[in-house]
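For reference, the structure is listed below as structure tokens.
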2 protein chains.
Amino acid sequence: MTQAPRKSPPRVTLEDVARRAQTSTITVSRALRRPGMVSEKLRERIAKAVTELGYVPDPAASALASRRSNVIGVLIPSVTNSVFAEVLSGLYDTIAGKPFNAQLGNTRYAPETEDELIRVFLSQRPAGLVVTGIDQSPVSRALLAAADCPVVQIMELGETPTDMMVGFSHRDAARTATDHLIERGYKFPAFIGARMDPRSERRLQGFRDAIAAADIAEGDRVVTTPTPSSVTLGETLLAELLAQAPETDAILCNNDDLALGVQFAAHRRGIAIGPELGLCGFNDIEVMEAAHPSITSVRTFRREMGRLAIDMLMARIEGKDVDENVRDLGYALMPRDSTMRE
Amino acid sequence: MTQAPRKSPPRVTLEDVARRAQTSTITVSRALRRPGMVSEKLRERIAKAVTELGYVPDPAASALASRRSNVIGVLIPSVTNSVFAEVLSGLYDTIAGKPFNAQLGNTRYAPETEDELIRVFLSQRPAGLVVTGIDQSPVSRALLAAADCPVVQIMELGETPTDMMVGFSHRDAARTATDHLIERGYKFPAFIGARMDPRSERRLQGFRDAIAAADIAEGDRVVTTPTPSSVTLGETLLAELLAQAPETDAILCNNDDLALGVQFAAHRRGIAIGPELGLCGFNDIEVMEAAHPSITSVRTFRREMGRLAIDMLMARIEGKDVDENVRDLGYALMPRDSTMRE
DNA sequence: CCGCCGAATGACAGCGCTATCATTAGTTGA
DNA sequence: TCAACTAATGATAGCGCTGTCATTCGGCGG
């Protein structure tokens with residue numbers, strides 16, 4: 001199979017438009033970017049020429065001349081994790097139609113990769129940056145602090161925002177979930193967690209806050225692993241947990257995948273989820289409600305987080321003073337069958 | 001809260017590097033892009049200067065001068081759909097470390113959005129383009145045909161590739177799955193489908209191929225909806241199906257989410273998945289194997305698809321002649337408990 | 001020992017836009 | 001009526017690279 005050489009279609013430039021509209025390139029440029037600065041008559045003539053010629057601006061030239069690209073860099077630790085996928089979805093929905101382009105960077109939970117990606121993004125003079133979490137490496141932190149664009153940290157909250165933040169307290173959320181288990185009468189709550197990233201660690205912390213406050217001993221009821229989370233892993237971790245702490249009568253899972261896996265495994269073992277074993281997930285993905293029995297979880301507002309991150313960036317790009325630069329989205333406990341004792 | 005004005009850090013340019021390495025900018029540029037053209041001594045001096053100064057090339061300037069950006073445009077219909085998320089994951093993993101940037105476009109299943117996004121991408125003079133499916137609008141088709149960059153269509157196969165293709169036959173895959181149901185002894189197989197996009201339609205076609213070949217009447221056993229797929233929707237569609245076709249004894253679901261929903265709903269109704277109701281999903285996401293009972297599905301190679309799409313683009317960008325410009329990744333039936341009659 | 005050749009290096013223009021300043025036209029108040 | 005403004009438009013000079021030539025240099029055959 002021969003590859004047909006592809007010929008570049010002739011590019012329509014600002015100059016072409018200017019010629020057709022009988023004006024200068026700079027005026028066309030202005031008409032496109034700040035229409036208010038150009039008289040209506042001229043603006044219309046230009047609009048007509050743009051349509052007729054099918055002019056589309058060259059972002060590279062624009063970026064070079066203005067020292068500012070239309071790229072919004074987005075750094076997330078995982079593309080496949082549905083939690084981040086939903087943040088992305090909100091983010092892409094919000095950016096759609098705006099003259100900006102989200103560019104995704106996948107850090108794969110590796111700080112060095114994150115450092116590198118931030119450097120790459122910054123080399124593009126981005127319009128804004130979205131980074132996940134608050135535990136950037138010192139290198140990343142320095143790069144972000146020196147960046148001459150707005151930056152939003154998402155997913156978590158912290159005392160020292162680089163610039164802006166939108167998220168919620170994982171610790172408080174896990175604490176609330178654990179309190180719920182205790183209130184429901186479970187005596188020996190356990191915690192299982194996969195992929196113990198900083199957010200997971202904070203959830204574990206919240207779990208510990210709750211049992212300490214209730215004067216419950218932790219025993220051997222915390223099982224964690226750095227392995228990436230999966231449904232199957234829920235089964236494995238349950239086995240491990242029950243082997244080392246048979247007294248366990250309720251489990252807070254680090255995330256919903258694990259919870260689902262625990263539920264399937266419990267079915268297999270003939271353990272009744274709810275009456276015999278309380279079960280609570282984290283994030284409240286759609287399947288939690290649909291499952292049978294339905295599974296209690298802590299709802300987090302992931303799409304909203306993506307949406308707000310872009311809104312905050314836009315506000316700053318447009319020069320508005322953002323009054324709140326840290327937004328707490330909170331969370332919501334969704335009690336369901338899996339934490340009903342009868 | 002006042003926004004501290006952020007000062008732009010001084011940019012390190014090729015010229016700075018050239019000065020330090022005591023050579024010219026063009027030589028530095030060459031040393032970076034085609035090291036073979038520069039003598040080793042000079043190359044080392046340049047490498048040293050680059051490191052010491054922390055030089056990072058400006059992609060906008062490079063794109064402008066070379067009329068070719070390092071952007072690889074990727075168009076998918078949904079960010080949240082885990083199937084596409086996995087394709088993306090393979091794609092990002094493969095592109096990582098290469099001097100290219102994937103830029104994602106979310107068409108949301110709307111052809112007009114797709115047209116627009118292709119236009120936007122082309123305005124960046126991309127290094128390559130990845131588009132989902134083979135049912136582009138005439139406008140998109142024309143744009144892609146005239147594009148002066150390699151293009152890969154993913155997810156499906158078709159007779160008339162725009163340029164390159166990597167995918168599998170949804171029709172054959174669904175046919176195989178339905179044959180499996182029939183072989184297992186189910187007499188009244190049904191099909192339920194959500195979000196009936198072109199790929200779903202082809203799966204339905206494959207289902208019909210199989211029952212026609214087995215001389216089974218379709219009856220009222222096909223229920224579809226344009227609504228986006230979800231686990232909950234599986235429950236709804238099952239109810240609808242059983243209401244209009246109570247004889248149903250097996251179901252091929254358009255995708256795994258629906259299958260999971262059907263399974264939960266069956267539990268709720270006291271229907272035994274497997275013996276009473278055969279169930280088969282599509283794609284084989286991780287939870288299928290972990291579910292209890294485990295759910296039969298057709299495995300598709302999504303990460304691989306992303307990987308190959310990039311590999312094919314890279315080969316073409318590097319000027320290699322791609323011998324196969326259409327790659328069939330096939331599929332694999334994964335028989336499990338949900339299609340065991342006893 | 002000279003001219004020729006390929007490999008290595010360099011000079012220069014320009015990619016398509018926008019920041020900046022200059023200019024012109026139109027307005028206003030004393 | 002005219003200086004002093006504001007609004008609208010334009011001329012110019014790059015932004016930081018790379019394509020395209022031109023130049024340099026050492027090696028080598030005749």
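Protein chains get the first letters and strands the later ones, always in sequence-line order, with residue 1 at the start of each.
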Nearest of [options] to any side-chain atom of [X]?
X: B:Ser29; options: C:dC17, C:dA19, D:dT18; answer: D:dT18
X: B:Ile26; options: C:dG10, C:dC15, D:dT9; answer: C:dG10
X: A:Ser24; options: D:dG16, D:dG10, C:dC17; answer: D:dG10
X: B:Ala65; options: C:dG16, D:dC17, D:dT20; answer: D:dC17
X: A:Ser62; options: C:dC17, D:dG19, C:dT20; answer: C:dC17
X: A:Arg33; options: C:dT9, D:dC17, C:dA19; answer: C:dA19
X: A:Thr25; options: C:dG10, C:dT18, D:dT9; answer: C:dT18
X: A:Thr27; options: D:dC15, D:dC17, D:dT9; answer: D:dT9
X: B:Asp58; options: D:dC17, D:dT9, C:dG16; answer: D:dC17
X: B:Met37; options: D:dC15, C:dT18, C:dT9; answer: C:dT9

Value in whole Å for how far the [atom2] atom of [N] lies from [atom1] of [X]:
X: A:Arg68; N: C:dG16; atom1: CZ; atom2: P; value: 23 Å
X: B:Leu14; N: D:dG19; atom1: CG; atom2: P; value: 12 Å
X: B:Arg34; N: D:dT20; atom1: CZ; atom2: C1'; value: 12 Å
X: A:Glu15; N: D:dA11; atom1: CD; atom2: P; value: 12 Å
X: A:Arg45; N: D:dA8; atom1: CZ; atom2: P; value: 15 Å
X: B:Leu64; N: C:dG14; atom1: CG; atom2: C1'; value: 9 Å
X: B:Arg11; N: D:dC15; atom1: CZ; atom2: P; value: 12 Å
X: A:Lys41; N: D:dA8; atom1: NZ; atom2: P; value: 13 Å

Review point. Is B:Glu15 atom CD crowded by more than 12 heavy atoms from other residues, nucleotides or ligands, each under 6.0 Å away?
Key: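 No, because the 6.0 Å sphere around CD of B:Glu15 holds 12 heavy atoms or fewer from other groups.
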Check your understanding: Only one of B:Arg316, B:Arg68, B:Arg67 clears salt bridge (charged side-chain N to carboxylate O under 4.0 Å, His left out) with B:Asp148; which?
Key ->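 By the salt bridge (charged side-chain N to carboxylate O under 4.0 Å, His left out) criterion, B:Asp148 pairs with just one of B:Arg316, B:Arg68, B:Arg67: B:Arg68.
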Practice item. Tell me which of B:Gly36 and B:Ala61 sits closer to the 5' end of DNA chain C, going by the nucleotide each one is nearest to. Key: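 Between the two, 5'-proximity favours B:Gly36.
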**Study point:** Side-chain heavy-atom pair B:Thr132, B:Glu114 within 4.5 angstrom cut-off
**Key:**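 Contact flag for B:Thr132/B:Glu114 side chains = no.
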Exercise for review: List the atom of B:Val83, the atom of B:Arg302, and the distance in Å for their closest heavy-atom pair.
Suggested key: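 Minimum heavy-atom separation between B:Val83 and B:Arg302: CG1-CD, 3.5 Å.
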Exercise for review: Ignoring backbone atoms, establish whether B:Ser66 has a side-chain N or O less than 4.0 Å from OP1 or OP2 of D:dC17.
Suggested key: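 Checking B:Ser66 against D:dC17: no side-chain N or O falls below 4.0 Å of OP1 or OP2.
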Review point. Looking only at side-chain N and O atoms, does B:Thr23 come under 4.0 Å of OP1 or OP2 in C:dT9?
Key: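 No, no such contact exists.
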Review point. Are side-chain N/O atoms of B:Thr94 and B:Arg307 paired as donor and acceptor at under 3.5 Å?
Key: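 No, because no side-chain N or O of B:Thr94 sits under 3.5 Å from a partner of the opposite role on B:Arg307.
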Exercise for review: Please confirm whether any donor atom in the side chain of B:Arg125 sits under 3.5 Å from an acceptor in the base of C:dG16, or the reverse.
Suggested key: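 It does not, because no donor-acceptor pair links the side chain of B:Arg125 to the base of C:dG16 below 3.5 Å.
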Exercise for review: Could you tell me the separation between the CD1 atom of B:Ile95 and the CD1 atom of B:Ile72, rounded to the nearest 0.5 Å?
Suggested key: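 B:Ile95 atom CD1 to B:Ile72 atom CD1 measures 4.0 Å (nearest 0.5 Å).
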